[in-house]
Structure formats: structure tokens, C-alpha cells
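This report concerns only the one structure given below.
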Number of protein chains: 2
Amino acid sequence: MTAAANHHGRRTTTRTRRLERAGIRDVAAAAGVSITTVSDALNGKGRLPDETRTKVREVAERLGYRPSAAARTLRTGRSGLIGLTVTTYGQEPFTFTEFAYFAEMARAATSAALNRGYALVVLPASSRHDVWSNVALDGTVVIDPSDHDPMVADLYRQGLPVVSDGKPGNCPVTAWVDNDHHAAVLGILEHLAQAGARRIGLLTGTSTDTYTRLSTEAYLGWCRSVGQEPLYEAYPAHDPCAGAVAADRLLARPDRPDAVYGLFDPNGTDLLAAARRYHLRVPDDLLLVCCSESDVYATTEPPITTLSLKPRRIGTTVVNLLIDAIEGQASANRVPTGQAANDSASADPTVPDQGGPDQTPADQSVSGQLMPTELIVRRSSQRRSPRTTVAAPRPPGET
Amino acid sequence: MTAAANHHGRRTTTRTRRLERAGIRDVAAAAGVSITTVSDALNGKGRLPDETRTKVREVAERLGYRPSAAARTLRTGRSGLIGLTVTTYGQEPFTFTEFAYFAEMARAATSAALNRGYALVVLPASSRHDVWSNVALDGTVVIDPSDHDPMVADLYRQGLPVVSDGKPGNCPVTAWVDNDHHAAVLGILEHLAQAGARRIGLLTGTSTDTYTRLSTEAYLGWCRSVGQEPLYEAYPAHDPCAGAVAADRLLARPDRPDAVYGLFDPNGTDLLAAARRYHLRVPDDLLLVCCSESDVYATTEPPITTLSLKPRRIGTTVVNLLIDAIEGQASANRVPTGQAANDSASADPTVPDQGGPDQTPADQSVSGQLMPTELIVRRSSQRRSPRTTVAAPRPPGET
DNA sequence: TGGTCATGGAGAAACGTATCTCCGACTCAT
DNA sequence: ATGAGTCGGAGATACGTTTCTCCATGACCA
């Protein structure tokens, strides 16, 4: 009788020191209503007169009542949590925000999720498995999944919506978003050629992600089509030192390029530093473009032309697609049980209209979406007058 | 009988197409054991022969069983989730990773959490309240809370451990970590003075966070102590354009400083650009230091001396402190109920030994921790030979 | 006076796990 | 044979919600 006095009623607070957060039961008792009424009042459901509603809200407020997210999740099957998965490079446990792209993208994704009432939890693909299974996710955004990513496949098999940033290679996803990397690279090469480049080099990566692969392929294809021999250095993109070395090596070649496009954010400064070492003037002796979201390139000497992948737009789109899938799936999953099947005559006519039996599994196979990039033209890629060859966002009057 | 055939046994799969994730019950049934046994086998608890354990694991694996995180959280009271809160500046919904510091810090925090089996969920302080209450947190890291932050106070009142990055002003926290900003600023000013600076200016912010406040106060105090009139420009740090304008204004003053320290990441490039506009040579006419985690300043022309706040160390420390608090609290909360109080004579002698009644509430009031910064000396703050005045991390042989 | 509705709200069944309690069976020494 | 001790495991309960079902009450109309 001393310690175990659970009469199925309230727990008896025998020795509990920790201040025993108030539950919905306590609110109900304090307000003199039933649990149902509290739940309805707080969630804006049911049919209740406004006075009851406000009174319950008042009592709840006074008691400092906070609904248990765990219980709600268990009951409703929805946690309001979506995962943000980033693939990891090499040994590094976690190279999230290695580049400004990721940081910007993650920020936009977080913001977009929040706007729709969801929170983002960051989960590198290499996380310990127990962490993954310990968090209730409604869906996942995966950044640039590598081919046959086992994690993605596993999530997808569980029935979780998965939306990827980067066209997926072989792993199944609900939807994906990507830049038009092919068009972007061709646009840059064209831009450099028009500025007078004869031998365009590329600084690229060794990893197998979509971005690197598509960009490199576009470059090689262009080389073939114009009859230039490819000039490129590939390095492990996660290693900043390797990038500096690769930049140096590219400019040290006997068949030195007279223009270079760098695929990764730090390439701009690295190439600039390497150019100084070899006494190459930019843009006179060497034209430079790199892919970056950082605006430090607006104030370098000279300012460097960059390609922006518009990570904010990507992050927002990806999250919204994911949440659409989550909520669409939820509503599709909802069978029209509205008191039918008990009464035989009432709601039947509406049933065949609602959800066809074959419509739910895949609304429109894997839907992908290509988003444009933006080339921000600065001095490093302009040899003569500062005329803009490709659409530049800044008014041409500025330096 | 058609749709509602719940006999309290398994649900009857009447029409459910969605593949009905296997629960612990299904595993138990398939393995021919009880739920208890499955739970024990999978969690490594209880006394079970290894054969039973492996068999259950095998069956669970075959069925693709994934324990429900929500149910586990509800039962155990622990979610394995910790919040990462960042205060928001101005209108911006969310300025996470506005500067490299946040990005690095968040990355380290995520990694540290993962290592201990926790996941991080990013929750700006300005999030809609429903999002906050919808996620079950075991604790929260809050980055640089403003004074009397209502969100922090609310969390703390709920009994959640809260650890802040940045010494908290007036809001109660479990623990905090911060850089020694005072010492850092004094070190920089001293460094500049030794390099020949006579009039040191400051580029600072208008917000009230700890970092800005402490740094500015240190600067003003130093000015008083050496008898220099303060020369500073303050701007809203969240607005990059305002930073460029402020840098320009600082160098446009009639009483132009001959050395400047910029508190924020972009200040370096902004100041460099402004210096070029006024034809000031760095470091000959103007000494420059800025606080930044970006390594672009290693390759600017000239390279710029930076102060690193070592965000990785901070992020790791903060998370580990938080998890210590979470797990310590959990073990302190555990009252020694080991079958005592039913039998009167058996376990009583051990009870007074275990947990003193006064030890649990606050182990050692609010514990704070100051962490050192690192000054990376580069050419922008050295007027003569490249000798290092303050400890420099790079070997002096490099350019 | 009886029937139909709308209103306001209560009861109870899940959701899926962890864990406390207890029970049978077997071993072993007395 | 009988009691104690151990091993292996089953039953039941609670975690805190949401939501389905259903009941009372009064109003209104015929």
C-alpha cells in the first residue's frame, strides 16, 4: 500500500519531487469537464460553446499545461518532424555546411518547414543506426544521395516520403529537385568562350554525387563538341587543402588553360592565389568563374564571376514538396469511414468518388523538377568592356 | 462488423493498403514468445538465453520491425532529441548560419550529439509556438540568448535542461559556455598597438547579444585606460549591406583610424574594399583584424588577421554539457524503488546511502565555462617583419 | 404528446512500447 | 520429501493523447 497505490486514478505523488508536469487529466479535473472536452477545446475541434473553450484554455494556461508531443505523435501517427539528411564525404563524420551551399539550403529548408508547422532534424546518412530509428520522422529530405544509398532505400521502403535535392541515381524517392547543371555548365563555357577563352580548364571533384558527375559530363561533352582537349583536375571536394593543391596543379600544367571554371566554393580564392603565384593577371591572362554562394567574391580583387545554385529556392522547394507528399499521403490514406458501413443507405454515393483504389500508391511516378541557376558576372570573366554577355542580375553601372 | 472489428486482438487489416508496419506484437507472435521477451531481447535487458535473443532478433529483422520512436518516448520519457535554438535578428525569420560561426558551431553540435546517440532539431526562438510544443525535447542548446528571453525561461520552467552558448544575461540556464570575449578583444587591441597602431577603430553591432556587448565594452574600457577616444561604427549585424556601409563610413571619418577591428565575419572583406576605395594600403596605412571563422582570409590580398572563436569546440562542449545534465538528471530522478517498501526488512539499509534528499535539485548552481579564443596573425596586422606577436598557429615559414 | 434535431459533452478504446510483478519449473542441498 | 534459489518468461499496467461512439437534454414542429 505504500509505494504502489495506483488506483487507476491519478498517480498519488507519493515521493515525486520533480514537478510532475500537468497532463490533460489534471486540466480536465481542474476545469470540471471531461478529457474529451479539454482536447476538443484546445485543438479547436468538436462542438463547444465559446465559453467552455475559453474557460478550458484559461485553466490549461494557469496550470502551465503542455500537451505531450510523444503521446500526440503516438496517437496521430504524425510527429511534425522531417529529417534533413546529408551524405558524408570520406572519413569526416559529417561535412554539413562544409560549403555555403549547404548552409544556405539548410537554412531555407528549416525556415520553410517552420512556416508549415514542421521542425527539421539534421541526420547525417552515416549516423549510428539507433539514432535514426529513435526519431519519429514524417519524411526526409536527402541532399544529393549517392547511387543505391541504402539509407534512402530503407526509409523509402518504410513508406516514408523522401524528397531529394539532386536527381537521384538509382535510389527510389518520392520526388526530387535539382538544378539544371548541364545547362549551367554549358552557359558558363559559352560565356568564357565569348570572352575570348581558347582553352578552358575545369576544377572538379572525385566523388560520385550528381552535381559533380553531371557538371563534369557537361564539360567533357562540350570539349568534344568544340574540339578542345579536356583540361581538368579532380580532387576530393571535402578536403580544402586538396583544393588549393589542385588549383595550383591546374595552372602549373605545360598546357595551361586560359580560363578555369571551379565547381566548388573555395576554388575561387584558391585559383586567385595560384594565379598570383604564377604571375597571371585576372582577367587578362586568366578568366575565372567558380560556383559559389558566398558574396566574398563580390569584393575580391578582382571580383570573381560566380554561379549561384540558388540554394534557398532549392531548400524551400524541397521541403514544400516533401510536406505536400506527407499531407497528401495522409489525406489519401484516410478512408472515408464517415459513419458509413453502419448505416447502409446514407454515405455510399460519395464513396466511389473519393479515392479510387489505384490512385493512392504513386500519384505520378517520380516527379522531378529542374530549377535554373544564376550566373553573376563580375570582372574575373570579362576581358574587355564590362558588358554582360549572359544575364547579370546586378545593374551594369556598379563596379 | 465490417469496418470496426477490433476484438482487442490484432487489427484485422480489413482494407488497409499501407503496409502496416510490424509492431512488437507481430514479432512476438511470429517468434512464439511474449511481448516482454521481444522487448527484453531487443534491448539487451532481462535474463534470456542467447538462443532466444538471437532468434527474436532474427524474426524482428525478417519482419523489418522498427520500434516506434513515439511509443518509446512516451513510455520512457526520453526522446533522444535536443533542440538547437538560435535567436533571430530583426525581421528575418531566421538567420541561422548567417555567419560561418553558427554553421561551424551547429555542425560540431550535431556531430557531438550524434556521437552520444542524440539528434539535433533546429528551432529558431521565433518559431511558431505550436512547433515548439509539438516536439518532445530532452533539453535545449540556446545560442546567445538575449536578456530575459521568454522562450528560455519557459523551457527552463518546464524542467528541461538548457545550456547556452554565450553567458546568459538574466535568463536561468542549467549551464553555459562562452568565449572570453573581454580577454580576446584586449589581446587584439594590444596586438594592434604593438604593431604601431595609434588610433584603433571598431566595427560593431547594434544588437544586445552577449558577444556584441562584451566586446564593445572591452573596447571602450581599453580606450579609457589608454586615453584614446573611441572610434566606432555600429550597425545591425544581420544586414550585410549595412556592414559595407558602416565600414566605408568608418574609414571616411575625418579622424580616420589607422587600425580597425571588425566584430563580424564579413567585416574583413568590407574593410578591405573600403580601404581600396580610399587608397589606403593594408597593412601600411591601415591595420586590419576581424573576427571570422572563414579561411578565405588566408588568401585575400593581403591575408587578414582573424580571431577565431573556435566554434567547434564550443559546439561540442555545449552539447556534452547538455547531455550530461540530461542523463545526470535522469539518474538523479530515479528513486531507489528496488522492491523495498513491500518487504519491511530487506533492502532498507541501502536506501539512505543512495541519494541524499538535498543533492538532486541543483548540483552546483549555474556552472559556466570560459573558453579561449585564437588569434590567427596574418599580414594585415603586421607592419614590419612577419614576426608573430601573439601566438600564431601556423608555422612561420609559410607565406 | 410524440418525434426529430441540434447542442454539449462524457466514456472508452486505441496508439506501441517498457517494465513491474509474479509464476511455473527445474536444480540442489538438507 | 521439502524448502530455497535460479532460470525463463508471461500478464498486466501505464505513459498521455486523440477520436470514435453514443447519451442526455431541451427546443421545435407537427
_Nearest listed nucleotide, side chain of B/S68, among C/dG8, C/dG16, D/dG16_ = C/dG16
*Across the strands shown, which category fits A/D40 at heavy-atom distances under 4.0 angstrom: base, sugar-phosphate, nothing?*
base
*Rounded to the Å, how far apart are A/R21 CZ and D/dT17 C1'?*
12 Å
*Which part of the nucleic acid, if any, lies within reach of B/T36 when heavy atoms closer than 4.0 Å are counted: base, sugar-phosphate only, or nothing?*
base
*Do A/S34 and C/dG11 share a donor-acceptor pair, side chain to base, under 3.5 Å?*
no
*Residue pair A/Y65 / A/R57, side-chain donor-acceptor N/O under 3.5 Å*: no
*How close or far is atom C1' of C/dA14 from atom CD1 of A/I35, stated in whole angstroms?*
14 Å
_For a quick check of understanding: with a heavy-atom distance under 4.0 Å over all strands, which category does A/T73 fall into, base, sugar-phosphate or nothing?_
nothing
_In whole Å, I'd like the distance from the CG atom of B/D50 to the P atom of D/dC7._
13 Å
*Rounded interatomic separation in angstrom, taking CG from B/L74 and C1' from D/dG16*: 6 Å
*asked:* Using heavy-atom distances to pick each residue's nearest nucleotide on DNA chain C, tell me which of A/R47 and B/I24 is more 5'.
replied: A/R47
*Of the non-hydrogen atoms in B/R53 and B/D40, which two are nearest, and what is the gap between them?*
NH1-O, 3.3 Å
*Between A/R116 and A/D324, is there a salt bridge with N-O shorter than 4.0 Å?*
yes
*Which whole-number value in Å describes the distance from A/L42 CG to D/dT19 P?*
13 Å
*Which part of the nucleic acid, if any, lies within reach of A/R66 when heavy atoms closer than 4.0 Å are counted: base, sugar-phosphate only, or nothing?*
sugar-phosphate
*Give one of base, sugar-phosphate or nothing for A/T76, where a contact means two heavy atoms less than 4.0 Å apart.*
sugar-phosphate
*For the pair made of CZ in A/R78 and P in D/dT17, what is the distance, rounded to whole Å?*
19 Å
*Distance only, no hydrogens: is a donor on one side chain within 3.5 Å (strictly under) of an acceptor on the other, for A/S34 and A/T37?*
yes
*How would you label the contact of B/S39 with the nucleic acid (heavy atoms, under 4.0 Å): base, sugar-phosphate, or nothing?*
base
*Interatomic distance where CZ belongs to A/R25 and C1' belongs to C/dA10 [whole Å]*: 16 Å
*Would you mind classifying the nucleic acid contact of B/L48 as base, sugar-phosphate or nothing, using non-hydrogen atoms under 4.0 angstrom?*
sugar-phosphate
*Where is the tightest heavy-atom contact between B/H129 and A/R66, given as atom of each residue plus distance?*
NE2-CZ, 4.3 Å
_Within the 4.0 Å heavy-atom criterion, would you say B/T37 contacts the bases, only the backbone, or no part of the nucleic acid?_
sugar-phosphate
_Could you tell me how far apart A/K55 (NZ) and C/dG8 (P) are, to the nearest whole angstrom?_
15 Å
